[in-house]
Every structure is written in C-alpha cells, then in structure tokens.
Protein chains: 2
Amino acid sequence: MAYRPTERTEARRLEARERILSAAIDLVAQGGYRAASVSAVADGAGVATGSVYRHFPSKAGLFAEVFRRASQREVNAVVAASAGEDNAVERLATAIETFARRALRGRRLAWALLAEPVDPAVEAQRLRFRRAYRDAFASLLADGIAAGVFPEQRVEVAAAALVGAIGEALVGPLSPAGDDVDDDGVIDALIAFCISSVTHEETEHVRHRLAA
Amino acid sequence: MAYRPTERTEARRLEARERILSAAIDLVAQGGYRAASVSAVADGAGVATGSVYRHFPSKAGLFAEVFRRASQREVNAVVAASAGEDNAVERLATAIETFARRALRGRRLAWALLAEPVDPAVEAQRLRFRRAYRDAFASLLADGIAAGVFPEQRVEVAAAALVGAIGEALVGPLSPAGDDVDDDGVIDALIAFCISSVTHEETEHVRHRLAA
DNA sequence: TCAAGCTCTGAATCGTGATTCACTTCTTGG
DNA sequence: CCAAGAAGTGAATCACGATTCAGAGCTTGA
C-alpha cells in the first residue's frame with residue numbers, strides 16, 4: 001500500500017465542504033432554493049458537479065445541512081438577544097424584534113427558511129426550525145408565567161401561534177419586493193400584538209365562551 | 001361543414017371538466033398535492049391523460065383552479081359563520097373556531113392549502129387564499145374598532161398575524177398523524193390567544209417600548 | 001521515482017412526470 | 001347514410017435537473 005489519507009488531505013476535504021456549503025447558502029440567500037441547483041452550487045464553490053456528491057449524499061442532504069446551519073444561526077441570535085436579565089415581557093419583545101429585524105434584513109433567506117417550497121427532506125429541517133423557535137418562545141412564556149407576569153395558558157399553543165404570527169406578518173412584506181413598507185411600524189405593531197396575546201387575562205367574552 | 005358544437009356537447013364538456021376537478025380535489029384531500037399526478041387525476045375522472053389538457057392548459061392551471069375553489073369554500077364558510085349580528089369579539093371567535101374546526105376535519109386538505117410545497121403557479125393561488133383570510137379578519141377587526149370593542153391598531157398587521165397564528169397552531173397538530181391531540185383544547189387556547197392579541201390596550205411595557 | 005489508491009472531473013445517464021400528437025371514435029348538419 | 005370536423009385516447013416524447021462513472025490527475029509511503 002502506498003497512499004494513506006492524512007491530516008492535510010482531510011483539511012482540504014473540510015475546506016471544500018465548507019466552500020460548497022457557503023456557495024449553497026449564498027445561492028439560497030440570493031435566489032431561494034429554486035435557484036440553487038447542484039451544478040450552480042458546484043460552480044459557486046469552484047468544484048465539479050460530481051464532487052458535491054463526495055461531500056454530501058444527495059442534494060437534499062446538502063440542503064438539510066444548509067438549512068440546519070442557517071436556522072441554528074437565527075434561533076441562536078434570538079435566544080441570545082433575549083437572554084438578558086430583564087423581565088419576561090421585555091425579553092419576549094426583544095425576541096420578537098430580533099426575529100423580525102433579522103428576517104427583514106436577508107428577506108430572501110428568511111423566506112426560504114420560513115415558507116419557500118422545498119424537498120420533503122429539507123422540509124423536515126424547516127419543521128425543526130419552527131419547533132426550535134417554538135421551544136424558545138415556550139421557554140420565555142413559561143418563565144413569565146412562573147414569575148407571575150403572564151397568566152396561565154397553554155404554552156405550547158401560544159408559542160406556536162407566536163411563531164406563526166410573526167412569520168406570516170413578515171412573509172407578507174417579505175415575498176413581494178418589499179414595496180416601501182414601513183418596517184419599523186410593522187415590527188412595533190407585531191410586538192404589540194404578540195405581547196397582548198399572551199399578557200391578557202381572560203375577558204368576559206372569552207370566559208363565557210370557554211364555559212360553553 | 002357538418003359538425004357544429006351544440007348545447008348537449010357543451011354540457012358534456014362541462015361535466016367532464018367537473019369530474020376532473022372533483023377527482024383532483026379528492027386526490028389532494030387524500031394524499032396531498034404530491035399524490036395528484038395528472039395521470040392519477042385522469043384515472044380518477046375516468047378519462048385519458050391527454051383529455052385533461054382539453055380542459056386545462058397545464059397541470060398548474062388545473063390545480064390553480066382546484067386551489068381557488070377549495071380556498072373559496074373555506075373562506076366563505078368562515079365569513080358566513082361570522083356574519084351574524086353578534087358583537088365583534090364573538091364574531092372573531094366564531095371565525096377562528098370555524099377556520100380551525102374545518103381545518104381539523106380534512107386535515108390533509110387544510111395542510112395542502114396552508115403549507116404543502118406546490119408549483120409556483122399554485123403557490124400564487126395560496127397567497128391569494130391567505131390574503132382572502134387576512135382581508136376577512138381585517139374587516140372583522142375594523143368593525144370592532146369602529147364599534148369601540150377593539151382598540152386602535154394596525155389592522156393589516158394584526159390580521160396577517162392572526163392568520164399566521166391560527167395556521168401555525170393548526171399545522172403542528174396537522175402535519176403529524178395528529179396523535180391524540182386534544183382538538184377542542186387547542187381551539188379554545190387559540191381563541192383565547194387571538195382575542196387577547198387584538199383586545200388588549202397598550203400595556204405599560206409596550207407603551208414604553210414604542211416610545212423608545 | 002514509483003505503484004497504489006485516492007480524489008476530481010463533467011459529460012452521459014437516469015428517473016420522473018408533464019406534455020404532445022397521430023390516430024380512433026364520436027357528433028352533427030345535410 | 002355521409003363527409004366534415006370535434007373530442008378522446010394513451011403510448012411516445014420531452015424537459016429538467018439530480019446522480020453516476022470511466023478516466024485523468026494527485027498524494028502518499030517506500
């Protein structure tokens with residue numbers, strides 16, 4: 001035997017892998033998932049089409065990783081921003097604002113992560129993304145309830161609803177070319193909406209309705 | 001010349017068209033968009049594959065119509081249910097409940113309408129669907145604000161957020177095989193969440209935040 | 001430097017499902 | 001009943017992009 005993989009070749013391998021991932025993210029951020037064909041990714045990374053398959057088992061596998069990373073980054077940013085010592089309302093507001101501001105910068109990427117049609121395998125990754133957000137919000141809510149700032153409620157449902165509310169409110173301004181929408185105004189309204197949704201004590205009407 | 005289309009043949013044409021649409025809806029309601037290939041639709045309608053193209057310009061054209069109809073039906077049901085003379089809160093609650101109950105029956109169809117990956121041309125139809133819901137909610141909110149039941153707020157944003165909140169809260173229980181989730185409980189929590197979100201006056205925290 | 005064995009290449013292949021079209025079957029007015 | 005056309009058929013074609021693979025080019029330890 002004569003050839004044996006070594007540290008240097010391994011480093012080169014990883015570097016190529018990173019270049020491929022990076023090219024894929026760029027393409028998604030720029031033109032969405034549809035624009036990111038395997039050969040376009042290969043071109044962007046400066047490798048041959050076939051080489052992509054030396055690093056990833058399939059296109060779906062590649063983009064699952066792409067989505068995993070991009071999602072992780074988003075969720076981490078939100079969690080980090082809202083981790084301060086402030087009270088629960090403030091933390092929730094910060095989480096929403098961070099979510100929304102990051103999405104409105106990088107709209108195309110946000111749209112890909114939140115709503116663009118993708119392969120089932122990649123879709124699975126998206127569900128994990130939404131779940132990660134849901135868990136983050138659920139945790140904030142639970143803290144707030146424990147602290148007596150929020151009333152008792154179905155934390156799982158409320159968290160899911162928050163994710164949906166934020167996502168949908170953003171995808172509107174997100175999918176068209178953004179017209180000249182007032183980003184700050186949308187964000188403020190969204191924060192007000194979300195804080196209210198989890199803050200309010202039962203009203204007469206709701207109580208009546210739930211009893212029925 | 002000898003042959004000339006007549007009333008009878010026209011009727012037959014329309015009937016075939018309806019059978020194709022109906023088969024397509026059934027397939028979507030049963031297995032989602034992915035299960036609805038053109039030949040499966042043709043089989044279901046009892047015609048040849050090629051005949052589908054005698055009635056629709058393309059698969060996308062067919063399914064745009066399918067989605068248009070299905071969406072229309074859903075939105076109509078919600079609008080009709082919430083059209084009563086009750087006050088705005090009750091009307092909103094009814095709208096949400098109708099939306100949710102119909103989605104939870106026919107989960108597969110609801111998922112297709114709300115979230116399943118589809119052709120861009122069909123996706124456009126979906127956006128119209130969401131917009132129709134948004135408009136319906138926006139109208140309810142505007143009425144409520146005029147009546148002094150809801151505080152002033154950005155109706156467009158709130159309406160979008162409501163649609164997103166409901167959709168996301170449902171797609172959770174919707175996409176897995178529904179386990180043994182407590183539908184009524186989810187619906188109640190959802191109603192409470194939504195009513196609160198649009199009912200609440202600005203809190204100290206929100207006011208402070210918006211001023212900043 | 002060399003043989004062994006790895007990696008890279010990108011054109012050819014493959015799979016999938018929409019779409020077409022030459023042909024058959026039906027309808028109609030005369 | 002007939003010829004002119006229209007509608008219906010479904011096997012063949014096409015489009016498209018993911019995936020493969022035979023050969024070229026590198027790396028390595030001896």
For residues 58-65 of chain B, which residues have at least one heavy atom under 4.0 Å from DNA chain C?
-> S58(B), K59(B)
Can [X] and [Y] be counted as an ion pair, charged N to O under 4.0 angstrom?
X       : Y       : result
R101(A) : D183(A) : no
R8(A)   : E15(A)  : no
R13(A)  : E18(A)  : no
E97(A)  : R102(A) : no

Measure across [X] and [Y] and return the closest heavy-atom pair with its distance rounded to 0.1 Å.
X       : Y       : result
A95(B)  : L140(B) : CB-CD1, 3.8 Å
E168(B) : A160(A) : CG-O, 3.1 Å
A60(B)  : V122(B) : O-CG2, 4.0 Å

Examine distances only and state if a side-chain atom of [X] and a backbone atom of [Y] form a donor-acceptor pair shorter than 3.5 Å.
X       : Y       : answer
K59(A)  : D119(A) : no
R108(B) : A29(B)  : no
R107(A) : L104(A) : yes

Could you give the [atom1]-to-[atom2] distance, from [X] to [N], as a whole number of Å?
X      : N       : atom1 : atom2 : answer
E7(A)  : dT27(D) : CD    : P     : 16 Å
D43(B) : dT9(D)  : CG    : P     : 11 Å
R4(B)  : dA3(D)  : CZ    : C1'   : 15 Å
R17(B) : dG8(D)  : CZ    : P     : 13 Å
Y53(A) : dT20(D) : OH    : P     : 7 Å
L27(A) : dA18(D) : CG    : P     : 12 Å

Readout for nucleotides 6-16 of chain C: B = base within 4.0 Å of protein heavy atom, S = sugar-phosphate only, - = neither; 5' to 3' it is SSBBB------
Check whether the side chains of Q125(B) and R128(B) place a donor and an acceptor atom closer than 3.5 Å, and report yes or no.
-> yes
Below 4.0 angstrom from OP1 or OP2 of dT28(C), is there any side-chain N or O of R8(B)?
-> yes
Residues from residues 28-42 of chain B sitting under 4.0 Å of DNA chain D, heavy atoms only?
-> none
